[in-house]
J.: 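Here's a structure for you.
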Amino acid sequence: MGALQSLRGQPEYVDLAEKTGFSYEQIGVLHKRFKQLSHNEETLLREHFRKIPDLECNPIRSQIIEAFFDRRNFRENGEGTVEEIGFEEFLVIMSHFRPPSLHITEEQRESVRRDKLRFLFNMHDTDNDGTITLEEYRHVVEELLSLSETLEKDTAKSIADAAMLEVASISMGHMEPDEFYEGITFEHFLKLLNGFEIESRMNVRFLYMDTTTLCK
Amino acid sequence: MPSRTGSHTPPGIGKSLPERGLLLLVVLVLLPLGAASSPNTNQPGNVDNHNVAVQSYNYTKKAFPVLSLDYHHVSTPFEISLWVLLASLMKLGFHLIPRLSGIVPESCLLIVVGLLVGGLIKLAGEEVPPVLDSNSFFLCLLPPIILDAGYFLPIRPFMENLGTILMFAVVGTLWNAFFVGGVLYAVCQIQPGSPSVLNSIELLPCLLFGSIISAVDPVAVLAVFEEIHINELLHILVFGESLLNDAVTVVLYHLFEEYTGAGTVTLLDCFLGVVSFLVVSLGGVLVGAIYGFLTAFTSRFTSHTRVIEPLFVFVYSYMAYLSAEMFHLSGIMALISCGAVMRPYVEANISHKSHTTIKYFLKMWSSVSETLIFIFLGVATVDGPHSWNWTFVTVTIILCLVSRVIGVVGLTYVINKFRIVKLTTKDQFIVAYGGLRGAIAFSLGFLLEKELFPMREMFLTAIITEIFFTVFVQGMTIKPLVELLAVKKKQEAKRTINEEIHTQFLDHLLTGIEDICGHYGHHHWKDKLNRFNKKYVKKCLIAGERSREPQLIAFYHKMEMKQAIELVESGGGVKLPASIPSTVSMQNIQPKKPPPAKPAERALSQLPKGREEEIRKILRSNLQRTRQRLRSYNRHTLVADPYEDGFGEFVIKTQKMIELEKKIKDMNNYLTVPAAPPDSPTMCRARLASGRGTDFKPAQQQKGNKSSPDPQAYSMKPESGGLPTIQVDLASPQSPDSVSLMDEFKAASKQQQKKKQQEEEDQGLMMKPSGANKPGEEDGGRDQPRRTRCLSDPGPSADEEEDEPFLP
């Protein structure tokens, strides 16, 4: 991985670097990986993701894959899903996992937080109506527990119900017995994970990757 | 000690001062007396024996001794107990004086007390017992503290920051040792004036001194940091460093001590030193891990002998420490790894009460140990022998500070290149300032032999001064500095179920992203380890069904259990800890148009409001009686005393009714967990009103002609997770509590017949809080005794038969 590689395709990289905030080296590495995954084609399909062997034991595999094809994550205010993605979209999705730089202001930190939490929110809100309903949340918990051998549907539901109740309590405070809590909106979601420090946790180290050692 | 009269003195202090003073006086008088009398009683004892021997043939009749003093017989345990008592009374006393404990950290106060006691003993003319004798320190006083730290070590932040911690511990300590030792030697050499005593100090003793004094002490760090509540990251950094630098200290100490005799150190010795370091640290960890696995494995089989479960934890850990010390490996690291390794498995296997026992015993022992250590430090200071040398001492103190700061700053610069969350300047300052020295340094110095180290006293004096400096000056000022610098404090918020869900979700997400990137990073290996753990290790070490329980479910059960216990303990008048004041209930989040396959839920939403109110009142009043029942718990009696409640309490009752009303509403926040597979101890422990267990049929027993609502509305089906239920696990079925509860319900219901009309309904109430513990009953038979036993002390199983007088 020398200077030569980062010079290759330099003009595109400049745009991408600006858009996503990655450095040229990181973009180069990710480009290599993209090519590896897509067998040197221009676009990635869902099948390519499904072929990654390590991903198979991941309980939320399908949701992760879906997140790559979700237009809401492309930062272009789009909606719906696509069937294939190019390198640019791949990079944009990956940029959600970049760590925030050391010296940023409070507002920038806040916007990084919102960005990452938005990504999570989109992963949960599958029908794209802006709220995470009870059903969707139940689905999340079930997926998380899906790989354990004792799948107790009821327990999963109870956990999801308890979690939902918690959100409602935190966000709404007081509700009449016949009011109905529609679902977790993004604002409630933010409030819920307030203490979570997502900006320090939802990060992947991109710099020290060595794609040559990787499987496929 | 007369209290200062005046209307301004708050009554609490006025009362406590004379009491405390009296206690203190008593203890202080007894202590020297105890210390003094032990050498004296030897002689009369000998004389007596001698006399008896001489008179053995004469059998001269002496008056039979009705009352005699034989202190010698009990001297050692008596003195030990006296010291422990003193320590605990001191601890008590400090907290009675409100302002003092806020300003001065406890460790300082304890050292002062030690100084006083030492002074008193010296004044009494007696020899101060060598209390900080290295044997008693390393074998008795230190292990409880370390075990407590290791068992409750927060694994997640520790592992996440392991690289940083190791850097500080290993490289930082090495740097400190060599810097301090080297510069001190240079200073000693250039000492002006006539052959100063300092000139005679060789390089190696200096380096040895440097290595002793540069190690951050876990006891002192714990004592001070406990009170300042800084955020988790800094806490774990400093604390982790203090634990892991033990290996470095051990190696350096032995290395320099060995070769001080020889006089020189060759390159080979250095190389061997490095190898030795690896052996000591990894060996210690390995020994600890082995014992940890042994404990976990043993705990798998303890389901029939719950009482001795805590014993296994303690004894195995202590054995781990001793075994490591036997081979001159790092005992501290062995203890830490033993505690950390055994904890997840042991906690899955043992009963709830054993868990509480372990927790409180560990806390108690470590607290007493810590107190004793500081007191002894004070006593040992008075004891001396001292050899004060201005240059040496001041240079030591300055050097320690300087080297620590340089070390931390330099290391952070390097570390920040590899960290995602960088350490800011504020963090660095706290890490540097928090490097306190403590009793371990003193004990190591005490161990030095006088022949090899003629300047041993000077070293000891310098060590003690350094310890005093760090504990007093740094310890006292760190709290205001933390406030001043606005360092992030520890977040007091409880872990919620949502955070747990998202923590797991995030873990999987990041692992997935790493896999997609093809980057075998941190998350990837963690995930692999978890999977290995789940697949193989848990099956071996955890008994029964629990071995397959996913972490999320385990967490959920634990939380439910905690909330239920808190509810019961809080009784009335105390806000439910975890509940956020809200009127949100399950009804609010259930979808308005439920799918047709759920008739129970729909039936519930049709409940007329009036009926709900009735239910709530019934539950409320029963809950109240339950609470009062618990207050008069007696371990042996099974008989309830229904007439205990005086009429005067009725007024209080009505007041609390209002509060409880609110609480009942809050309790709707809880959810049921359907009955679990039989063998799981946690399920037993968290045996709250499961769907199948609660038999909630007030309607059928009503007197008078109340319309009987749809029974389906009340009976719980496992699928309807939405029904508000009372999660009350008051006591295990076998304990007298539950039995008396039943009796009390029956008796109390009879008693209240003459009271308000609505309470007539109570007779019919079939709420069986502990009936939930035995869904087996409903399911036909007591064929699952094993499960229910998990909750109790193994009382006689006869108890099991005699309750439940009270079935519908």
Side-chain angles (χ1 to χ4, degrees), chain A residues 30 33 36-37 49 52 54-55 57-61 64 94 97 99 102 120 123 134 140-141 144-145 148-150 152 154-155 157-159 161-170 172-181 192-193 195-196 200-206 209 211 213-215, chain B residues 416 420-422 491 493 496-499 501-502 504-506 508-524 527 531 534 545 548-550 552-553 556 579-592 609 669-674 676-677 691 718-719 721-722:
Chain A
L30 283 169
R33 180 63 178 169
Q36 210 181 19
L37 286 176
F49 282 105
I52 304 175
D54 289 319
L55 216 49
C57 16
N58 201 319
I60 55 172
R61 177 170 84 133
I64 298 178
M94 287 301 185
F97 294 93
L102 184 52
L120 278 186
M123 281 183 84
L134 188 58
V140 170
V141 177
L144 270 182
L145 295 175
S148 79
E149 288 146 30
T150 56
E152 297 172 348
D154 295 332
T155 319
K157 263 183 41 175
S158 309
I159 295 178
D161 290 346
M164 200 69 175
L165 200 55
E166 224 173 53
V167 180
S169 310
I170 294 178
M172 302 290 281
H174 290 272
M175 284 178 76
E176 295 306 313
D178 44 6
E179 271 184 67
F180 177 57
Y181 182 64
L192 182 69
L193 293 181
F196 205 54
S200 10
R201 291 169 81 153
M202 186 164 146
N203 299 314
V204 173
R205 289 167 205 275
F206 284 109
M209 276 190 285
T211 47
T213 61
L214 300 178
C215 55
Chain B
N416 269 345
I420 293 185
V421 180
K422 320 272 183 204
Q491 294 199 310
T496 62
I497 187 82
N498 274 295
E499 287 191 0
I501 291 178
H502 284 285
Q504 298 234 334
F505 191 81
L506 206 58
H508 289 299
L509 175 64
L510 290 174
T511 312
I513 297 287
E514 280 191 356
D515 290 333
I516 293 177
C517 289
H519 171 47
Y520 282 169
H522 187 63
H523 291 277
H524 180 91
D527 190 57
R531 269 186 285 133
K534 195 149 73 153
E545 277 297 311
R548 291 201 280 279
E549 194 178 59
L552 190 59
I553 297 185
Y556 179 62
S579 78
I580 300 123
S582 72
T583 52
V584 180
S585 70
M586 276 309 296
Q587 290 170 289
N588 295 116
I589 68 173
Q590 292 298 343
K592 273 205 180 109
K609 196 141 189 199
N669 289 351
Y670 301 156
L671 295 169
T672 61
V673 174
E719 299 83 77

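Throughout, a chain's letter reflects where its sequence line sits, starting with A, and its residues are numbered from 1.
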J.: I'd like to check the side-chain contact (heavy atoms from CB on, under 4.5 Å) partners of A/Asn58; sequence neighbours left out, ordered by chain and number.
T.: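 Checked A/Asn58 against side-chain contact (heavy atoms from CB on, under 4.5 Å); matches are A/Leu55, A/Ile60, A/Arg61, A/Ile64, B/His508, B/Thr511.
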J.: What are the two closest non-hydrogen atoms of B/Phe505 and A/Leu120, and how far apart are they?
T.: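 Reported closest heavy-atom pair: CE2-CD2, 3.7 Å.
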J.: If you measure from CZ on A/Arg201 to CG on B/Leu510, what distance do you get to the nearest 0.5 Å?
T.: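 Atom-to-atom, A/Arg201:CZ and B/Leu510:CG are 9.5 Å apart.
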J.: Which atom pair, heavy atoms only, marks the closest approach of A/Ala163 to B/Ile501?
T.: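 Minimum heavy-atom contact is CB-CD1, 3.9 Å.
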J.: Would you mind checking which part of B/Leu506 comes under 4.5 Å of any heavy atom in chain A, side chain (CB onward), backbone (N, CA, C, O), both or neither?
T.: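 Only the side chain of B/Leu506 comes within 4.5 Å of chain A.
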